[in-house]
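Quick caveat, the model's predicted, so the values are computed rather than measured. Quick note on labels: first sequence line is chain A, next is B, and so on, each numbered from 1.
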Protein chains: 2
Amino acid sequence: MSTNAAMAETAALVGDPARAAMLNALMDGRALTAGELAGVAGITAQTASGHLARLAAAGLLAMERQGRHRYHRLATPAVARMLEAIMTVAGSAPPPARPRRIGPADAAMRNARTCYDHLAGRLGVAIADAMAARGQVELATDGGAVTAAGEAFLQSLGISPQAGTRRAFCKPCLDWSERRHHLAGGLGAALCTRCFELGWVKRVPASRTVLVTRAGEAGLRQAFGIELA
Amino acid sequence: MSTNAAMAETAALVGDPARAAMLNALMDGRALTAGELAGVAGITAQTASGHLARLAAAGLLAMERQGRHRYHRLATPAVARMLEAIMTVAGSAPPPARPRRIGPADAAMRNARTCYDHLAGRLGVAIADAMAARGQVELATDGGAVTAAGEAFLQSLGISPQAGTRRAFCKPCLDWSERRHHLAGGLGAALCTRCFELGWVKRVPASRTVLVTRAGEAGLRQAFGIELA
DNA sequence: GGCATGCTTCGGCCCAGACCGAAGCATGCT
DNA sequence: AGCATGCTTCGGTCTGGGCCGAAGCATGCC
């Protein structure tokens, strides 16, 4: 295909108000369901479905199934950069105002909770982000891997890498409230266990919610550079 | 207007094959006439006219009249960046292959010639680019200005800034063959005169064409950092 | 002035595609 | 199993806008 035609096709996908609204809603890296995206675009589910299929076919969006939901997010950072460039030309400053948060009502639960055997919520996502940013883990949709630097870091935390295969050991899991990935698999479980052992977090009785202790705030800041304001 | 709507509108403008082809043809910063743009897009002049009007109204294109021609170019570097970002996502590498050159048939004349009292062609554009890149002049569509650094540089070349108003002194002029701006006005005339005085260029008899001498190649490289391969 | 050229405006044709209602799968909950 | 929920596919309507022919201005050349 001609480069002109390819460019026009991609731009035309962004050039529809409904699709633009959906893409805009995904600009912060979160993943949203088809129904939610239909809502922000002000169209019915079936229309949104068609749009999302086209965006995915063109490689602008990536889709991930989780139960009976389908989570959509921008396929690559290049897509986000493209959208920013278009908004720049369009003249409107990109308003960083996040849309209203959808998810668990309980604020504490949004902040930190367990997901099966690992940590989720803002805390879980922050840990995943920090480790990815530091090159300690490499995350992909289908799996992840712990790097050499990551193994050394885990040792320093008191976690020994007894895991067999490194890939299964580090599995990304889509976060319910944050709509971003956190660490699951053997790695996620080990990190979670260690955080409890160190007294950085403690459970709220009869709930999945966990609270970050004072010692935890300091320890997390020290170990991961995380600031959970 | 909502930021979504503005983004969609801008993207939709790029999302038409004919408009995309025209924008693509302008990616290297040259300015083309409406007729030429119609040609590259494979549409008639009247259709192209409509497209160009819309692109200009949206601020993607800038128009400049020169005689009975209307030259169009990308309005800002931000537009070029946007187009590159879209092409990146579209997957095709932006091919830097320039379209076939339109303009003066005579190669020597394309290379360097006089335009009234100043230098044009590749040489003229190269000088303008070099001085702009070094912050010696600041160019705008309607006029330009010599900076303090520029005045010092001109002094070192043996040109005294006797001009009255600095703005009229430095006027950008759209180059015929290069389709980019070169320096006109008092500054352009002074530079041209000085180049002749220094023996850097000499006229081809009965022609607007000028030739760069061996001394000129060295002098231009030294003074402007220009390499006219 | 008269003619050629470059560009724009006007009017009308026509098609891609955005939209929704209804129906069809798939998954999870009880 | 039965029902609810989330999403997709199918079919049909309708409008926005891309396109050209013809005509109208503006500019430059002889």
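At whole-Å resolution of the value, CD in A:Glu9 and P in C:dG17 are 9 Å apart. For B:Leu55 and C:dT8, the CG to P distance is 12 Å, given to the nearest whole Å. Distance CZ (A:Arg19) to P (C:dC19): 8 Å, rounded to an integer number of Å. The interatomic distance linking A:Leu37 (CG) with D:dG6 (P) rounds to 14 Å, in whole Å. At whole-Å resolution of the value, OH in B:Tyr71 and P in C:dC7 are 9 Å apart. Atom C1' of nucleotide C:dG17 and atom CG of A:Asp16 are separated by 9 Å, given to the nearest angstrom. Between the NE2 atom of A:His51 and the C1' atom of D:dT8 there is a distance of 14 Å, rounded to whole Å. Going from atom NE2 of B:His69 over to atom P of C:dA4 covers 17 Å, rounded to whole Å.
To the nearest 0.5 Å, atoms CG (B:Asn24) and CE (A:Met7) are separated by 4.0 Å. Remark: A:Leu61 CG to A:Leu23 CG distance equals 6.0 Å, nearest 0.5 Å.
A salt bridge links A:Glu197 to A:Arg194: at least one charged side-chain nitrogen sits closer than 4.0 Å to a carboxylate oxygen. Under 4.0 Å is where a charged nitrogen must lie from a carboxylate oxygen, and between A:Arg70 and A:Glu64 no such pair does.
Each end of the helix from C:dG1-D:dC30 to C:dT30-D:dA1 gets its own axis from five base pairs, and the two axes differ in direction by 30°, given to 10 degrees.
Checking the phosphate oxygens (OP1, OP2) of D:dC19, no side-chain nitrogen or oxygen of B:Thr47 falls inside 4.0 Å.
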If a protein heavy atom is under 4.0 Å from the base, mark B; if only from the sugar-phosphate, S; if neither, -; do that for nucleotides 21-30 of chain D going 5' to 3'.
-> BB---SBB--

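At a threshold of 4.5 Å between non-hydrogen side-chain atoms, the residues B:Trp200 and B:Val212 do not count as touching. A 4.5 Å side-chain heavy-atom check between B:Leu123 and B:Leu220 finds at least one atom pair inside the cut-off. Within the 4.5 Å cutoff, no side-chain heavy atoms of B:Thr33 are placed close to those of B:Leu37.
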Side-chain donor/acceptor pairs under 3.5 Å, residues 39-51 of chain B, sequence neighbours excluded:
| unit_1 | atom_1 | unit_2 | atom_2 | d |
| --- | --- | --- | --- | --- |
| B:Thr44 | OG1 | B:Gln46 | OE1 | 3.3 |
| B:Thr44 | OG1 | B:Thr47 | OG1 | 3.2 |
| B:His51 | ND1 | B:Arg19 | NH1 | 3.1 |

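Minimum interatomic distance between A:Phe224 and A:Ala130 (heavy atoms only, all atoms of both residues): O-CB, 3.6 Å.
The residue A:Ala45 sits close to a base: some heavy atom pair falls under 4.0 Å.
Here C:dA18 is the nucleotide among C:dA18, D:dT9, C:dC19 with the atom lying nearest to any side-chain atom of A:Arg54. Distances were taken from every side-chain heavy atom of A:Thr33 (C-beta onward) to each of D:dT8, C:dC20, D:dC7; the shortest belongs to D:dC7.
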